[in-house]
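Below is one structure, written out as structure tokens, with a few remarks after it.
No experiment lies behind these values; they were computed from the predicted model shown. All chains are named by letter (A, B, ...) in the order of the sequence lines, taking the proteins before the strands, and each is independently numbered beginning at 1.
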Amino acid sequence: MAEINPEYLDLDADMSKRDMDQSPVFLLEKIKQEGRVWGDLCEQYGVKNPDPPWRVTLEATCDMLAENNCRTSDTGEAAQTAEAEKDTKVLDGIERRWEEDHLVKEHYANVPFPENQLLALAHTLIRRGLMDENELARKMKEVDQRLNMT
Amino acid sequence: MSKPHYDREHHAKKATGIGDPQCFKGEAPPPKFKVGDKVRVKDLPDIFYNRAQVYTRGAPAVVAELVYESPAAEDESWDNTENVTWFYSVIFKQKDLWPEYPDTFANDTVETELPERWLEPL
Amino acid sequence: MTDEHKPHAPAPMVDEVSEFEVLEIAVRELAIEKGLFTAEDHQRWTEYMHTLGPLPAARLVAKAWLDPEYKKLAVTDGVKASLEVGIDWVNSMPTKFGTPSDYCNLRVLEDTPTLHHVVVCTLCSCYPRPILGQSPEWYRTPNYRRRLVRWPRQVLAEFGLQLPEEVEVRVEDSNQKSRFIVLPVRPEGTEGWTEDQLAEIVTRDCLIGVALPRPGKTANDPRPVRPALKPYHH
């Protein structure tokens, strides 16, 4: 039989040790409470598509963040020199997925997919300091005004 | 002290039009194992990133296929592509992974891929 | 408009921009403003993702059922076999060499009457996106990933698939650079069928291995959401 040492430092242990701030994010809590999920909208408008139209763009955002592999427009020599010191991996895919699993369990357990993936991504970006909560709130207001003409 | 020049496009330059893992073909030393060999997954320390699942450690398996050549994940995650190695698809008996797996289904198996360094002959 | 004879009436669309949609756009635009990636790359990637779905993989299976030579090619060189169903693993991707989550090594797992394959990625959610599209929600959940490798028959039963004990269930843990689809056994009752007819019954779930193809069944069942019956910790 396999002798498995429970002390193993695996992804779980490695990630758990990072001591990320696990507290809720006010802005995202508000969206969780007030936001209308895709299933509800489908029912109201008689729509059959199983996924909201933004699911693909959300996936693409995750891919873009994961690795410079996906990014092609900054391959010029000048850009390369300018960015040579910059860490090109903004948010590693496997780490994002680990945090998504844990954040969903902790904060977004009752939110369906892909709404929970989106909330977890925003949560991760804020907690890692890649985005500021107030900044994101302002941006949302701007987008809302543009699309809903409020 | 001048900073070392890091070519952040080197992977793209190597793999474009060829694919990954195809771009590492022919770079690994000759394979140590062949199809049908009995092996055991080593208990290597894994302080940082790797993809050799913990549940396979220490378990016996049989080599089913030599699948491709590539750096191991734990090297590639540090952008070390010098130690290209053979990857093997190996098959475990469920019973060897989980002792409580029901005897009724003793034939059931798990197959996964591992780089050569994680395997030792059995 | 109530023209019933209109052949391709557009499907109704949601007439509301939800808070979630606003959040998705805001996250993306803010990331672009901060220089984390460019709008141009994002658009190129999104357009590519829109082209993906399970149809090419279904066609690959249907062709393999009809042509023994093609089947041989599929199980020995999945990437080459994919070309015949319109998927170039290397060049159709915007990067032309794969991505961190879509490496270019497709393996086609051939089922037999005594061997059934089912695919999982216990680490995260590796999935053969170029030939199968986006993974379903349940495929990404820790519930599926942690339990399938350990209690595969329990999980398959929850999908409505109960296999006799003579059939070896082989769980394929997709956590390195290969990506996998299952080539199921061609079901009875499909004698004389065309490639189109056969491709219709090869659903996404059949290609992952949580369902078996059968005549008349052309859609995935809804995935029952159940709490784990057994814990995943030791």
Side-chain angles (χ1 to χ4, degrees), chain A residues 4 6 11 28 31 34-38 41-42 44-49 51-61 63-67 69-74 90-91 93-94 97-98 100-101 105 112-115 117-119 121-122 125 130-131 135-136 139-140 142-144 147-148, chain C residues 11-50 52 93-102 121 123-126 129 134-138 140-142 145 220 225 233-234:
Chain A
I4 293 165
L11 182 69
L28 303 177
I31 299 169
E34 298 170 5
R36 299 195 63 203
V37 299
W38 184 243
L41 295 173
C42 283
Q44 180 182 338
Y45 294 96
V47 173
K48 294 275 190 311
N49 191 340
D51 294 319
W54 48 266
R55 184 182 170 193
V56 169
T57 41
L58 172 64
E59 285 281 345
T61 297
D63 282 332
M64 288 296 108
L65 292 168
E67 196 98 53
N69 271 1
C70 308
R71 305 197 291 269
T72 51
S73 55
D74 55 352
V90 178
L91 176 61
I94 199 167
R97 286 288 294 113
W98 188 92
E100 180 186 326
D101 288 344
K105 200 171 157 198
F113 179 85
E115 282 83 358
Q117 180 191 2
L118 171 61
L119 289 169
L121 174 67
L125 290 170
L130 291 162
M131 271 176 198
E135 202 176 39
L136 183 60
K139 189 76 195 173
M140 281 188 70
E142 182 195 312
V143 172
D144 188 44
L147 295 180
N148 288 319
Chain C
M13 201 49 208
V14 165
D15 192 18
E16 182 174 324
V17 181
S18 74
E19 292 84 340
F20 290 105
E21 186 160 2
V22 171
L23 176 62
E24 188 279 320
I25 297 167
V27 167
R28 170 159 42 98
E29 291 188 355
L30 204 50
I32 290 166
E33 278 175 27
K34 287 176 171 294
L36 302 181
F37 50 81
T38 66
E40 189 195 351
D41 281 340
H42 191 284
Q43 191 185 341
R44 186 185 300 121
W45 198 254
T46 302
E47 280 166 9
Y48 165 67
M49 302 280 261
H50 266 300
L52 305 180
M93 219 158 321
T95 57
K96 312 253 184 277
F97 54 74
T99 75
S101 47
D102 298 314
C121 170
L123 270 176
C124 40
S125 43
C126 297
R129 292 192 296 180
Q134 303 300 310
S135 61
E137 177 200 358
W138 52 260
R140 305 161 50 96
T141 59
R145 282 155 38 208
N220 300 303
V225 178
H233 290 298
H234 285 275

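Expressed to the nearest 0.5 Å, how far CD1 of A:Ile94 lies from SG of C:Cys121 amounts to 7.0 Å. One distance of note links CD of A:Glu59 with CZ of C:Arg129; it measures 6.0 Å at 0.5 Å rounding. Put simply, CG on C:Leu36 and CG on A:Leu91 are 9.5 Å apart, with the number rounded to the nearest 0.5 Å. With values rounded to the nearest 0.5 angstrom, C:Glu29 atom CD is found 10.5 Å from A:Thr61 atom OG1.
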Dump the intermediate steps for side-chain contact (heavy atoms from CB on, under 4.5 Å) on C:His42 and A:Thr57, then the final yes or no. CA-CA 8 Å; C:His42 191 284; A:Thr57 41; 3.9 Å; yes
Using the rule given for side-chain contact (heavy atoms from CB on, under 4.5 Å), can you reason through A:Leu130 versus C:Lys34, listing the C-alpha separation, both sets of side-chain angles and the distance that settles it, and then say yes or no? CA-CA 9 Å; A:Leu130 291 162; C:Lys34 287 176 171 294; over 6 Å; no
Let's go through C:Gln134 and A:Asp51 carefully: what are the C-alpha distance in whole Å and the side-chain angles of both, what is the deciding distance for side-chain contact (heavy atoms from CB on, under 4.5 Å) to 0.1 Å, and is it a yes or a no? CA-CA 11 Å; C:Gln134 303 300 310; A:Asp51 294 319; over 6 Å; no
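For chain C, the option among A:Arg55, A:Gln44, A:Glu142 with the highest count of heavy-atom pairs below 4.5 Å is A:Arg55. Most heavy-atom pairs under 4.5 Å with chain A, from the set C:Ile32, C:Leu30, C:Val27: that is C:Leu30. Residue with the most contacts toward chain C among A:Val56, A:Leu121, A:Leu28, A:Asn49: A:Val56 (heavy-atom pairs, distance under 4.5 Å). Options A:Leu119, A:Val37, A:Leu41 differ in how many heavy-atom pairs under 4.5 Å they form with chain C, and the most are formed by A:Leu41.
Contact of the C:Leu23 side chain with the A:Val143 side chain is not registered, since no non-hydrogen atoms from C-beta on lie closer than 4.5 Å. Considering only heavy atoms from C-beta on, A:Trp54 stays 4.5 Å or farther from C:Ile25 through its side chain. At least one side-chain heavy atom of C:Met49 sits less than 4.5 Å from a side-chain heavy atom of A:Asp63.
No donor-acceptor pair under 3.5 Å is formed between the side chain of C:Arg140 and the backbone N or O of A:Arg97.
In this view, C:Glu24 and C:Arg28 satisfy the salt bridge (Lys or Arg N to Asp or Glu O under 4.0 Å) rule, not counting sequence neighbours.
Interface remark: A:Leu58 contributes backbone and side-chain atoms alike to the contact with chain C (heavy atom separation under 4.5 Å). When heavy atoms are compared at a cutoff of 4.5 Å, A:Glu135 approaches chain C by way of both its backbone and its side chain. If you measure heavy-atom distances from C:Gln43 to chain A, you find no contacts under 4.5 Å at all.
A:Glu34 and C:Glu19 make their closest contact through O-OE2, 3.4 Å (heavy atoms, listed as atom of the first residue, atom of the second, distance). Closest non-hydrogen pair, A:Arg36 versus C:Phe20, comes out as O-CD1, 3.5 Å.
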